[in-house]
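What follows is a single structure, written as structure tokens, with notes after it.
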Amino acid sequence: MTSVSSETAPLPLSVIMPVGRRHAADIAALYAEYQSGLARLELDYEFIVVLDGPRPEVAAALQRLLVRGGNLVVIGLTRRFGEATALMAGFQRARGRIIVTLPAYHQIQGLEIGKLVAALGPADLAVGRRWPRVGSRFEVLRRNVFHRLIAAGGQRFHDLGCGARAMKRGVLEEIALYGDQHRFLPVLAGRQGFRIVEIDLGQSPFDRYEGGYPPREYAHRVLDIFTVFFLVRFTKKPLRFFGMVGASTFVVGALLVAYLAIDRLVFGHALADRPALLLSSLLLVLGMQLFALGLLGELIIFTHARDIKDYQIDEVLRHPQAVEPQRDGVAEAEAREHITHTRLA
């Protein structure tokens with residue numbers, strides 16, 4: 001089905017496909033595969049493609065689809081900002097109550113899109129997992145290490161590299177993504193209290209990446225994991241992180257100073273030519289600075305705590321009007337029957 005004519009009218013579904021450095025060689029074929037899966041939903045929808053920087057070959061293919069009457073909107077960014085920024089740019093243009101994100105290269109079978117949307121009944125975010133998954137032993141090892149590091153933050157996922165996801169609009173309204181944080185959207189949404197479910201989707205037979213990744217890419221992913229870990233665990237309590245590291249550093253320095261003092265006073269060994277004295281002094285100063293940094297972060301959080309919302313309301317129970325208590329309890333029973341039970345979607 002096609003989208004409605006009005007540019008401002010809401011829609012049941014918006015599909016966003018950010019196109020970054022990695023994309024399918026035949027973007028038209030990928031679009032047709034996604035179209036076949038979306039047609040089974042029998043919902044009005046819009047298909048938004050966001051070009052993360054100039055992509056002449058992709059833009060030409062999309063232009064041909066538009067000439068043939070393709071149901072899509074193309075947004076081009078002036079330069080490369082990252083897929084997360086492209087995703088947010090598409091969301092700002094989207095009108096759907098449900099947002100579906102799809103990768104610009106083959107990961108899942110197009111007919112599996114309906115599973116993601118169907119999973120949003122009890123959940124706020126449905127995350128696709130390619131299963132059964134095909135890949136080399138090195139890929140399996142790399143994925144396991146990556147997801148185990150993520151699990152250290154308190155949430156466990158199996159395929160954060162899969163870009164096929166479906167979510168209610170409120171998820172992206174509450175979470176701002178930038179850089180390469182699109183991979184960690186489920187982790188950030190879990191921190192906000194959204195209900196998340198992981199759905200097994202059939203892997204595309206064309207999902208075969210033969211190329212390798214440079215060492216810089218692995219370094220970036222480690223830094224991204226550390227960033228997300230800090231955002232999830234210590235955003236509103238930085239003193240627990242910096243205080244713990246600072247206190248540990250200070251204690252090591254203090255023990256080393258105590259050892260050197262005993263060694264000087266009891267055994268008479270000189271301290272002037274010993275590097276351990278400089279090291280212990282540095283550890284003491286560094287420990288105090290880290291602790292002070294955490295304390296400063298706590299003061300900033302305390303000042304702006306009212307503006308930081310890291311929770312979601314599940315449901316609200318309302319009573320239409322107050323009822324005077326009676327001895328026989330009849331009015332109280334009738335009141336319970338008229339309680340308005342509202343679930344916030």
Side-chain angles (χ1 to χ4, degrees), residues 15-34 36-37 52 58 82-84 86-87 100-119 123 125-167 177 179-190 196-229:
V15 181
I16 303 175
M17 185 176 73
V19 181
R21 285 180 298 182
R22 183 183 175 188
H23 55 79
D26 189 351
I27 205 74
L30 180 64
Y31 172 74
E33 181 179 351
Y34 287 155
S36 62
D52 183 25
V58 178
E83 287 192 32
L87 182 63
V100 173
T101 65
L102 295 173
Y105 46 92
H106 295 277
Q107 282 191 337
I108 66 166
Q109 300 173 17
L111 298 179
E112 299 280 78
I113 296 176
K115 291 183 179 180
L116 285 173
V117 179
L125 172 62
V127 182
R129 178 196 181 191
R130 290 165 286 183
W131 189 260
R133 183 77 180 272
V134 179
S136 65
R137 291 184 177 180
F138 176 73
E139 289 180 347
V140 173
L141 176 62
R142 177 171 54 83
R143 288 196 303 266
N144 289 339
V145 171
F146 175 79
H147 289 97
R148 285 183 184 276
L149 290 175
I150 292 296
Q155 301 181 60
R156 184 166 183 81
F157 297 96
H158 298 88
D159 194 4
L160 288 179
C162 181
R165 295 161 183 172
M167 68 202 77
L177 300 175
D180 293 326
Q181 288 189 352
H182 58 285
R183 294 182 180 86
F184 305 100
L185 176 59
V187 180
L188 298 174
I196 305 172
V197 62
E198 202 169 31
I199 303 297
D200 291 341
L201 305 176
Q203 185 179 11
S204 171
F206 304 103
D207 184 18
R208 303 292 185 273
Y209 183 61
E210 303 297 337
Y213 296 98
R216 181 181 61 181
E217 191 72 16
Y218 291 100
H220 289 172
R221 295 291 81 78
V222 171
L223 293 176
D224 289 340
I225 291 173
F226 180 79
T227 300
V228 171
F229 176 77

Between [X] (side chain) and [Y] (backbone), is there a donor-acceptor pair under 3.5 Å?
X: Glu83; Y: His182; answer: no
X: Asp200; Y: Trp131; answer: no
X: His147; Y: Arg156; answer: no

Shortest non-hydrogen contact between [X] and [Y], atoms and distance:
X: Met17; Y: Leu30; answer: SD-CD2, 4.2 Å
X: Ala166; Y: Val100; answer: CB-CG2, 4.0 Å
X: Pro186; Y: Leu160; answer: CG-CD2, 3.8 Å
X: Ser204; Y: Ile108; answer: CB-O, 3.6 Å
X: Leu102; Y: Ala164; answer: CD2-CB, 4.3 Å
X: Pro18; Y: Ala104; answer: O-CB, 3.5 Å

Legend entry - salt bridge (charged side-chain N to carboxylate O under 4.0 Å, His left out) contacts touching residues 20-33 (sequence neighbours left out):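 Matches after skipping sequence neighbours: none remain.
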
Inset, instruction - For residues 214-224, pull every pair meeting salt bridge (charged side-chain N to carboxylate O under 4.0 Å, His left out), keeping only residues two or more places apart or in separate chains. - result: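 Those involving residues 214-224 are Asp180-Arg221, Glu217-Arg221, Arg221-Asp224.
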
Side-chain heavy atoms of [X] within contact of [Y], under 4.5 Å:
X: Arg133; Y: Val140; value: no
X: Thr101; Y: Met167; value: yes
X: Leu188; Y: Leu177; value: yes

Legend entry - Atom pair CZ (Phe229) and CD (Gln155), whose distance is rounded to the nearest 0.5 Å: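 The CD atom of Gln155 is 11.5 Å from CZ of Phe229, to the nearest 0.5 Å.
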
Inset, instruction - Quick one: pull up CZ in Arg148 and CD1 in Ile225 and give me the separation to the nearest 0.5 Å. - result: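 That separation rounds to 13.5 Å.
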
Inset, instruction - Indicate the ring-plane relationship of Phe184 and Phe146, choosing parallel, tilted or perpendicular according to the 30° and 60° boundaries. - result: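 Correct class here is tilted.
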
Legend entry - Passing option when Asp159 is tested against Arg143, Gln107, Arg130 for side chain to side chain donor-acceptor pair (under 3.5 Å):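 One option only clears the test, and that one is Arg130.
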
Inset, instruction - Could you go through the side chain to side chain contact (heavy atoms under 4.5 Å, CB included) check for Val127 and Cys162 one step at a time? - result: CA-CA 8 Å; Val127 182; Cys162 181; over 6 Å; no

Legend entry - Listed partners of His23 passing ring pair (Phe, Tyr, Trp, His ring centres under 6.0 Å), at least two apart: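 None.
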
Inset, instruction - Please assess Gln203 against Arg208 for the test side chain to side chain contact (heavy atoms under 4.5 Å, CB included), listing each intermediate value before the final yes or no. - result: CA-CA 10 Å; Gln203 185 179 11; Arg208 303 292 185 273; 3.9 Å; yes

